[in-house]
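These numbers come from the heavy atoms of this one structure, side chains and all, not from hydrogens, waters or symmetry mates.
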Amino acid sequence: MMAALLLAVLLFNCAHPPVKGLDNGLARTPPIGWMSGERFGCQVDCITYPDDCISERLIRSTADVLSLKSFRSVGFQYIVIDDCWMDAKRDSNNRLQADVKRFPSGIDSLVSYVHSKNLKIGLYIDLGNVTCGGYPGSAGNFRLDAQTLSGWQVDMVKVGACGIADYRVCNSAYPEFGNALNSTGRPILYLCEWPYSVSSKGGGQVDFAQVSATCNQFRVFDDMTDSWESLMATLNFYVRLSYPFKNYSRPGSFSDPDQLLIGDFGLSVEQQKFQMALWSILSAPLFVSSDLRIIRTESKKILLNRRAIAINQDSLGNLGQEILVIGQVHIWRKAILPAGSFALAIFYLDIFAGPSKVSVKLVDIAIRSAAVFNITECFSGVNYGLYKPWHTLDCEVNPTGALLFEIIAVS
């Protein structure tokens with residue numbers, strides 16, 4: 001009798017495995033979209049800044065841009081409202097609510113508008129008592145807040161931990177909120193700031209197997225700021241400290257180096273190419289935080305580069321790795337499809353000199369899986385022609401710039 005019962009339980013568990021974030025069918029390739037965070041911050045003064053404050057006006061006008069064919073055709077899908085969308089207090093039923101002056105139509109109406117544009121919408125919450133901007137946190141209300149998000153038909157949630165003081169609380173709070181999301185029955189993409197929150201609170205390394213089983217994308221390093229120094233810090237972090245999670249950044253759960261700043265004020269055109277190349281080679285989520293309503297043509301061209309996005313969206317989802325350093329030139333590689341093909345990024349970190357000439361044999365960077373490769377540089381669109389593994393790739397890269405190559409096996 002007991003053996004039969006145990007067998008029945010085993011068969012049930014096999015047929016009905018526990019649902020984790022990784023099993024919600026989302027983020028099979030890195031998510032692509034827009035996020036308000038870095039560019040618009042916590043601007044709530046809609047009198048002085050009517051076009052730039054966190055409001056339904058900003059979100060609707062950005063959704064109008066994202067719904068254009070130029071963005072939709074390369075995969076832009078999500079529009080995410082970061083911190084400071086909430087009212088200072090919960091409603092009479094203890095539910096989260098939007099600031100009524102800045103979101104007079106309510107979140108459900110805004111969600112409907114975004115969905116009418118064939119886009120998806122995300123909101124930010126915090127697992128502590130307050131958000132980073134001082135708005136109500138979700139501590140003690142995980143299931144209620146998950147139900148509220150689901151009831152609004154939200155498609156994504158970005159979850160911070162500014163309101164948590166003890167890093168050990170993060171290690172239980174993120175899985176608990178993930179379970180609350182799953183219990184709603186609505187597939188909601190789960191962006192966790194879990195590893196970054198733990199490390200920034202002095203907790204060291206997290207269990208990345210658990211993180212990857214819980215989150216669709218997970219922040220691993222500092223917030224991006226609109227500067228070359230911030231971009232370099234992110235590059236160096238992935239060079240030195242990506243080993244613990246390199247096998248856990250994969251389809252369904254991607255490591256997240258934070259927002260793209262293409263089209264903002266602090267990065268030159270070359271540095272914007274640098275960031276796009278790095279995020280593409282890392283298979284990182286592509287969430288740009290800039291004003292897409294007025295983005296410059298040269299920045300828009302980088303952001304919507306089809307070859308770079310194709311490398312980012314490659315279904316293998318590999319986390320690229322640095323494989324060769326020649327002075328200030330750093331070369332990264334990742335395997336892509338079709339089988340035997342690669343993406344290659346060449347970064348030049350020098351800020352003082354002129355362009356650097358680079359010559360490297362394919363075989364010296366472990367590109368020897370096929371007899372012939374067809375090589376194209378993504379940003380210029382220049383086709384370098386057919387190469388064999390013992391051939392030398394000659395190119396020139398600008399200071400603080402990057403080249404991004406697709407190296408396709410043809411035989």
Side-chain angles (χ1 to χ4, degrees), residues 31 33-67 71 76-91 95-117 119-138 145 148-149 152-163 188-189 191 193 219 223-226 256 258-266 285 287-295:
W34 174 91
M35 193 173 290
S36 64
E38 203 286 333
R39 169 60 179 84
F40 296 95
C42 194
Q43 181 55 258
V44 296
D45 180 359
C46 293
I47 302 299
T48 308
Y49 302 98
D51 294 323
D52 291 353
C53 66
I54 304 302
S55 65
E56 66 178 46
R57 178 175 177 174
L58 170 64
I59 304 310
R60 285 174 180 258
S61 59
T62 301
D64 291 342
V65 175
L66 285 178
S67 67
F71 286 90
F76 275 78
Q77 188 175 32
Y78 290 93
I79 180 166
V80 180
I81 313 173
D82 220 312
D83 201 356
C84 305
W85 61 270
M86 299 177 196
D87 190 85
K89 295 181 179 179
R90 290 173 175 265
D91 71 11
R95 293 183 178 273
L96 294 174
Q97 59 181 340
D99 182 280
V100 68
K101 292 182 179 179
R102 292 181 285 115
F103 295 88
S105 302
I107 292 297
D108 49 355
S109 175
L110 183 59
V111 169
S112 294
Y113 184 82
V114 171
H115 286 170
S116 76
K117 299 289 183 177
L119 297 168
K120 297 183 177 181
I121 189 166
L123 293 175
Y124 163 93
I125 67 163
D126 192 286
L127 296 182
N129 292 315
V130 294
T131 73
C132 300
Y135 292 87
S138 292
D145 290 353
T148 299
L149 294 170
W152 283 334
Q153 297 190 344
V154 166
D155 306 291
M156 174 177 174
V157 59
K158 176 181 179 179
V159 182
C162 283
I188 299 176
L189 192 146
L191 192 174
E193 295 193 337
R219 285 282 311 283
D223 293 347
M224 276 293 300
T225 60
D226 197 8
D256 183 358
D258 203 20
Q259 298 158 65
L260 290 168
L261 303 182
I262 296 167
D264 278 342
F265 309 103
F287 281 90
V288 65
S289 188
S290 61
D291 193 340
L292 299 181
R293 301 166 299 182
I294 57 171
I295 189 170

Just verifying a value: how many Å separate M224 CE and L261 CG, rounded to the nearest 0.5 Å? 4.5 Å
Hey, what's the ring geometry for W34 with F40, parallel, tilted or perpendicular (30° and 60° as the breaks)? tilted
Any chance you could measure S36, atom OG, to L58, atom CG, to the nearest 0.5 Å? 7.0 Å
Interatomic distance, CE@M86 vs CZ@R102, rounded to 0.5 Å, equals 11.0 Å
Hey, are R293 and D64 close enough for a salt bridge, meaning a charged N less than 4.0 Å from a carboxylate O? no
Which atom pair, heavy atoms only, marks the closest approach of D52 to R39? OD2-NH2, 3.7 Å
Which residues share a salt bridge (Lys or Arg N to Asp or Glu O under 4.0 Å) with D45, sequence neighbours left out: none
Around atom CG of D108, are there more than 12 heavy atoms from other residues, nucleotides or ligands closer than 6.0 Å? yes
Distance-minimising heavy-atom pair for I262 and S290: O-OG, 3.0 Å
Any chance the SG atoms on C132 and C42 come in under 2.5 Å? no
What pair of heavy atoms forms the shortest contact from S289 to Q259, and how long is it? CB-OE1, 2.9 Å
To the nearest 0.5 angstrom, please state how far the CG atom of L110 sits from the CD1 atom of I121. 4.0 Å
If every non-hydrogen atom of V154 is compared with every non-hydrogen atom of V111, which pair is closest and at what distance? CG2-CG2, 4.3 Å
Ignoring hydrogens and geometry, is there a side-chain-to-backbone donor-acceptor pair from D126 to G128 under 3.5 Å? yes
Check whether any side-chain heavy atom of L96 sits under 4.5 Å from a side-chain heavy atom of R90, and report yes or no. yes
Mind checking whether E38 and D223 have side chains closer than 4.5 Å, heavy atoms only? no
H115 and D155: CA distance, side-chain angles, deciding distance, side chain to side chain contact (heavy atoms under 4.5 Å, CB included) verdict: CA-CA 10 Å; H115 286 170; D155 306 291; 2.7 Å; yes
Can you tell if the side chain of E56 reaches within under 4.5 Å of the side chain of P104, non-hydrogen atoms only? yes
Shortest non-hydrogen contact from L191 to M156? CD1-CE, 3.6 Å
So, using side-chain hydrogen bond (donor to acceptor under 3.5 Å, both in side chains) as the criterion, who are the partners of D51 when residues are at least two apart? R57
Closest heavy-atom contact between P50 and I47? CD-O, 3.7 Å
Under a 4.5 Å cut-off applied to non-hydrogen side-chain atoms, are P285 and M35 in contact? no
Determine the interplanar angle of the Y78 and F287 rings, folded into 0 to 90°, and report it as parallel if under 30°, tilted if 30 to 60°, perpendicular if over 60°. tilted
Would you mind reporting whether I107 and L123 have side-chain heavy atoms less than 4.5 Å apart? yes
Would a 4.5 Å heavy-atom cut-off, applied to side chains only, mark V288 and F76 as touching? yes
Quick one, D87 and F103 - any side-chain contact, counting heavy atoms below 4.5 Å? no
Point-to-point distance, once rounded to the nearest 0.5 Å, from OG of S55 to NZ of K101: 14.0 Å
Which of these, D83, D82, D256, sits in a side chain to side chain donor-acceptor pair (under 3.5 Å) with K158? D82
Rounded to the nearest 0.5 Å, how far apart are CD1 of I81 and CD1 of I59? 4.0 Å
